[in-house]
Amino acid sequence: MIEYIRGELTDVTPAMAVVEAAGVGYALSISLNTYSAIQNKKEVKLFVHEVLMTGGRDDSYTLYGFFTKQERELYRQLVSVSGVGANTARMILSSLTPNELINVIVNGDERSLKGVKGIGLRTAQRIIVDLRDKVAGSGLAEQMPAGVTPVVDSHDKEVRSEAIGALTMLGFASAPSAKVVGEILKQHPGLPVEQVVKLALKQIK
């Protein structure tokens with residue numbers, strides 16, 4: 001089992017980071033929170049969660065990377081809930097910061113969870129019921145670092161391309177993604193890519 005990968009950050013998008021360690025480039029799926037924390041770093045250490053899917057037409061092996069152990073633990077708590085898969089958990093951690101998610105769960109805020117794309121009322125209720133006591137008693141809230149301030153990228157064309165790419169990797173079609181991203185950048189020029197993706201996740205159909 002891989003605990004973490006430390007090395008040179010050779011490529012990063014809002015949904016994927018490539019870390020080179022000992023001559024091997026590891027592609028890790030990441031959340032927007034982790035992207036915000038690492039996007040301007042040369043060397044990174046990402047805590048790893050491994051997902052092996054077997055029994056289907058094609059077996060797959062995916063690495064998920066997290067900037068903190070606490071975010072990884074939240075991810076693992078989420079995927080332990082019935083009906084919440086790997087990508088859904090990443091979607092939640094891309095729509096809410098770890099601190100926001102902890103507050104949502106502890107306070108029973110179904111509405112905020114339902115605001116995440118793909119999360120219905122029953123799933124939101126199940127997350128809260130299953131995780132409220134675990135999160136409240138885990139000390140995660142006290143361990144969470146303050147949010148990382150994003151660096152504004154003035155090149156809207158590049159932001160648009162990265163945002164559409166991230167949404168596509170999260171499972172959305174490129175045409176509606178492009179339309180929503182275009183409207184967001186028209187209203188908020190200069191917005192950093194992770195904020196564009198967060199807004200798009202709330203608007204895209």
Side-chain angles (χ1 to χ4, degrees), residues 13-17 28-37 49 51 62 64-68 70-136 138 140-141 144-148 150 159 162-181 183-185 187-188 191-205:
T13 71
M16 180 76 68
L28 301 103
S29 295
I30 60 174
S31 70
L32 285 178
N33 293 303
T34 290
Y35 172 78
S36 295
H49 177 78
V51 176
T62 305
Y64 289 84
F66 304 91
F67 186 61
T68 64
Q70 292 79 13
E71 187 185 15
R72 181 180 64 179
E73 179 58 24
L74 274 173
Y75 178 88
R76 287 174 170 173
Q77 296 280 13
L78 286 168
V79 296
S80 74
V81 177
S82 176
V84 179
N87 281 327
T88 300
R90 180 171 66 155
M91 186 84 73
I92 292 170
L93 286 168
S94 291
S95 301
L96 300 167
T97 67
N99 278 328
E100 287 172 343
L101 178 58
I102 289 169
N103 289 332
V104 163
I105 293 172
V106 171
N107 295 322
D109 186 357
E110 298 171 358
R111 183 176 179 182
S112 292
L113 271 177
K114 280 178 59 185
V116 177
K117 190 69 177 179
I119 301 295
L121 177 59
R122 288 188 179 181
T123 301
Q125 292 172 335
R126 195 178 300 123
I127 290 171
I128 290 168
V129 169
D130 288 3
L131 301 186
R132 178 182 275 166
D133 290 342
K134 294 179 182 178
V135 169
S138 66
L140 284 171
M144 277 300 168
V148 179
V159 169
E162 286 193 18
I164 294 170
L167 290 165
T168 302
M169 292 181 71
L170 288 170
F172 297 102
S174 58
S177 298
K179 182 178 180 180
V180 170
V181 168
E183 288 298 319
I184 291 170
L185 286 173
Q187 296 174 23
H188 308 283
L191 205 62
V193 64
E194 62 269 28
Q195 293 301 320
V196 172
V197 175
K198 281 193 176 187
L199 287 173
L201 288 174
K202 296 177 181 179
Q203 299 177 26
I204 196 168
K205 303 297 183 183

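Sequential numbering from 1 along the given sequence is applied to the chain's residues. Atom set for the values below is all heavy atoms of this structure, side chains included, hydrogens, waters and symmetry mates excluded.
Put simply, the side chain of Y75 gets close to the backbone of A86: a donor and an acceptor are under 3.5 Å apart. Proximity of a side-chain donor or acceptor of R126 to a complementary backbone N or O of V81 within less than 3.5 Å is not detected.
Using a 4.5 Å cut-off on side-chain heavy atoms (C-beta onward), I119 and T88 make contact. Using a 4.5 Å cut-off on side-chain heavy atoms (C-beta onward), V79 and V51 make no contact. Inter-residue side-chain proximity for S31 and E71 is flagged as met; some heavy-atom pair is nearer than 4.5 Å. When side chains are defined from C-beta on, N107 does not count as touching I128, because their heavy atoms never get closer than 4.5 Å.
Atoms OG and CG, from S95 and L113 in turn, are 10.0 Å apart once rounded to the nearest 0.5 Å. Here CG of L93 is found 11.0 Å from CD of E100. Values are rounded to the nearest 0.5 Å. In this structure, I127 CD1 and R132 CZ are separated by 13.0 Å, a value rounded to the nearest 0.5 Å. Atom CD of E183 and atom NE2 of H188 lie 10.5 Å apart (nearest 0.5 Å). In this structure, E73 CD and T68 OG1 are separated by 10.5 Å, a value rounded to the nearest 0.5 Å. Residue L170 holds its CG atom at 5.0 Å from CE of M91, rounded to the nearest 0.5 Å.
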One pair to check against side-chain contact (heavy atoms from CB on, under 4.5 Å): S80 and L131. What are the steps and the verdict? CA-CA 9 Å; S80 74; L131 301 186; 4.1 Å; yes
Could you go through F67 and I30, starting from their C-alpha distance and side-chain angles, then the distance that decides it, and tell me whether this counts as side-chain contact (heavy atoms from CB on, under 4.5 Å)? CA-CA 9 Å; F67 186 61; I30 60 174; over 6 Å; no
Apply the test side-chain contact (heavy atoms from CB on, under 4.5 Å) to residues V197 and S94: give CA-CA distance (whole Å), side-chain angles for both, the deciding distance (0.1 Å), then the verdict. CA-CA 8 Å; V197 175; S94 291; 5.8 Å; no
Applying side-chain contact (heavy atoms from CB on, under 4.5 Å), run through V159 and Q195 and close with a yes or a no. CA-CA 10 Å; V159 169; Q195 293 301 320; over 6 Å; no
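In terms of heavy atoms, A163 sits closest to V193 at N-CG2, 3.6 Å. Residues N33 and L96 come closest through the heavy atom pair ND2-O, 3.0 Å. What you find for T34 and G65 is that their closest heavy atoms are OG1-O, 3.9 Å. In this structure, A124 and E110 approach most closely via the heavy-atom pair CB-O, 4.0 Å. Nearest approach of I92 to L101, heavy atoms of both residues: CG2-CD1, 3.8 Å. Across all non-hydrogen atoms, the minimal contact from I184 to A200 is CD1-N, 3.5 Å.
With a 6.0 Å radius and a threshold of 12 heavy atoms from other residues, nucleotides or ligands, R76 has its CZ atom above the threshold.
Residues passing the salt bridge (Lys or Arg N to Asp or Glu O under 4.0 Å) test with R72 are E3, sequence neighbours excluded.
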